[in-house]
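Everything on this sheet refers to the single structure shown next.
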Amino acid sequence: MAARDMTREAALSRLDHKHACHILLYADSQAKLFGKIPVKHIVLMQMRFDGLLGFPGGLVKPSEESLEAGLSRELQEELGASVPVTMDDYVSSHLAQSPPRLILHFYSKKIKEAELLEIERAAVLNAVDHGLEVLGLTRVPLYTLRNGGGLPWFLSHSFISNSRAQLLEALRRLDLMSPQALEEAVKKAEEMRHTVKSDPH
Ligand SMILES: O=c1[nH]cnc2c1ncn2[C@@H]1O[C@H](COP(=O)(O)OP(=O)(O)O)[C@@H](O)[C@H]1O
Ligand SMILES: [Mn+2]
Ligand SMILES: [Mn+2]
Ligand SMILES: [Mn+2]
């Protein structure tokens with residue numbers, strides 16, 4: 001376990017801490033970009049109100065609701081869809097670097113492609129937080145194009161808290177990418193961080 005990781009039990013015993021739960025929802029897909037590049041898996045993240053990328057989810061109150069019930073409530077608010085979350089979907093708990101006394105619980109759940117498409121539609125049509133806490137859902141590109149387009153550029157954006165690490169760890173653990181492809185994409189993203197320039201005007 002990394003230095004700030006903790007067990008679920010240890011995390012829940014911290015009654016003086018705030019708790020947040022976020023989830024990586026994903027599906028397998030046969031779709032092909034430009035009719036030739038396999039998308040393979042659809043992984044959902046969101047553009048937050050603060051301009052940072054992160055996962056759907058939010059603050060839960062362990063004194064009033066289970067972690068999973070709280071996460072489902074947040075998903076109803078942010079995605080406008082009912083996504084049942086259980087203990088089976090639980091991945092990890094992590095003490096945030098900042099702010100102090102915040103514990104970040106992470107989940108992942110595989111759903112059917114049709115269900116995921118339904119969630120994407122519901123997010124615009126039904127989510128009370130659409131356009132407010134959530135500016136939009138986004139898919140994570142899992143391929144790398146020759147110019148670094150795809151995952152490397154995606155990873156060059158700014159992420160809330162430890163969500164970038166949560167994403168990379170999940171892609172590895174769920175075998176959504178080969179370890180080599182993932183390592184190369186991370187390296188390329190690191191190189192590009194310093195070189196990506198936009199047109200002045
Ligand atoms: O995707 C994420 N992964 C890990 N931590 C996150 C993520 N999104 C937000 N956080 C952290 O958890 C806190 C509460 O989450 P969020 O902003 O989603 O709450 P809310 O939806 O209840 O307003 C954030 O202030 C941030 O520190
Ligand atoms: Mn929320
Ligand atoms: Mn949230
Ligand atoms: Mn909330």
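This chain uses plain numbering: 1 for the first residue, then up along the sequence. Both ligands and their constituent atoms are indexed starting at 1 by order of listing. All values below were derived from every heavy atom in this structure, side-chain atoms included, with hydrogens, water molecules and symmetry-related copies excluded.
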Yes or no on ring pair (Phe, Tyr, Trp, His ring centres under 6.0 Å) for Phe55 and Phe159, after CA distance, side-chain angles and deciding distance? CA-CA 10 Å; Phe55 291 100; Phe159 291 76; 8.4 Å; no
Could you go through Leu67 and Arg8, starting from their C-alpha distance and side-chain angles, then the distance that decides it, and tell me whether this counts as side-chain contact (heavy atoms from CB on, under 4.5 Å)? CA-CA 10 Å; Leu67 294 178; Arg8 180 189 173 100; 4.0 Å; yes
For Tyr90 and Glu68: C-alpha separation, side-chain torsions, deciding distance, then whether side chain to side chain donor-acceptor pair (under 3.5 Å) applies. CA-CA 8 Å; Tyr90 169 78; Glu68 289 74 26; over 6 Å; no
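Residue Phe55 has at least one nitrogen or oxygen atom sitting less than 3.5 Å from a nitrogen or oxygen atom of ligand 1, judged on distance alone. Residue-to-ligand polar distances place Glu74 within reach of ligand 1: an N/O pair is separated by less than 3.5 Å. Residue contacts with ligand 1: Pro99 is placed with no nitrogen or oxygen under 3.5 Å of a nitrogen or oxygen of the ligand (distance criterion only). The distance criterion of under 3.5 Å between nitrogen or oxygen atoms is not met by Gly54 with respect to ligand 1.
Formation of a donor-acceptor pair under 3.5 Å by the Ser29 side chain with backbone atoms of Ala31 is found in this model. Within the 3.5 Å criterion, the main-chain N or O of Ala69 finds a donor-acceptor partner in the side chain of Ser66.
Closest protein heavy atom to atom 6 (C) of ligand 1: His22 CE1, 3.4 Å. Protein heavy atom nearest atom 21 (O) of ligand 1, with residue, atom name and distance: Glu78 OE2, 2.8 Å. Leu104 CD2, 3.4 Å is the protein heavy atom nearest to atom 5 (N) of ligand 1. With respect to atom 23 (O) of ligand 1, the closest heavy atom belonging to the protein is Glu133 OE1, 3.5 Å. Closest to atom 19 (O) of ligand 1 among all protein heavy atoms lies Gly58 CA, 3.4 Å. Looking from atom 3 (N) of ligand 1 to the surrounding protein, the closest heavy atom is Gln166 OE1, 2.7 Å. Ranking the protein heavy atoms by distance from atom 13 (C) of ligand 1 puts Leu102 CD2, 4.1 Å first.
Looking only at its N/O/S atoms, Glu78 has OE2 as the one nearest to the Mn ion (ligand 2).
At a threshold of 4.5 Å between side-chain heavy atoms, the hydrophobic network of Ile, Leu, Val, Met, Phe, Trp and Tyr places Ile23 and Leu79 in one connected group. In the hydrophobic cluster analysis, where Ile, Leu, Val, Met, Phe, Trp and Tyr join through side-chain heavy atoms closer than 4.5 angstrom, Leu53 is grouped together with Tyr26.
Counting only heavy atoms, the protein gets under 4.0 Å from atom 11 (C) of ligand 1. When distances from atom 25 (O) of ligand 1 to the protein are checked, no heavy atom turns up under 4.0 Å.
Heavy-atom proximity to Gly57, at under 4.0 Å, picks out these atoms of ligand 1: 18 (O), 21 (O). Contact atoms of ligand 1 toward Arg48: 8 (N), 9 (C), 16 (P), 17 (O), 18 (O) (distance under 4.0 Å to a heavy atom of the residue). Of all atoms in ligand 1, listed by their number and element, those nearer than 4.0 Å to a heavy atom of Ser163 are 1 (O), 2 (C), 3 (N).
Arg48 is not listed as a side-chain neighbour of Leu135, based on a closest heavy-atom distance of 4.5 Å or more. Between Leu102 and Leu104 the shortest side-chain heavy-atom distance falls below 4.5 Å.
Of all heavy-atom pairs spanning Pro56 and Gln46, the tightest one is CA-OE1, 3.6 Å. A pairwise comparison of heavy atoms in Asn162 and His94 identifies ND2-CD2, 3.6 Å as the closest pair. When all heavy atoms of Arg73 and Val60 are compared, the closest pair comes out as NH2-CA, 3.9 Å.
Using a non-hydrogen distance threshold of 4.0 Å, His94 does not register as a contact of ligand 1.
The residue from Leu116, Leu174, Leu24 that alone fulfils the side chain to side chain contact (heavy atoms under 4.5 Å, CB included) condition with Val43 is Leu24.
For Glu118, the side chain to side chain contact (heavy atoms under 4.5 Å, CB included) partners are Arg121, not counting sequence neighbours.
Other residues, nucleotides and ligands contribute more than 12 heavy atoms inside 6.0 Å of the CD atom of Glu65.
Counting only protein atoms, the N, O or S atoms lying less than 2.8 Å from the Mn ion (ligand 4) are Glu74 OE2, ordered by chain and residue number.
Contacts between Ile160 and ligand 1, counted as non-hydrogen atom pairs separated by less than 4.0 Å, involve the side chain only.
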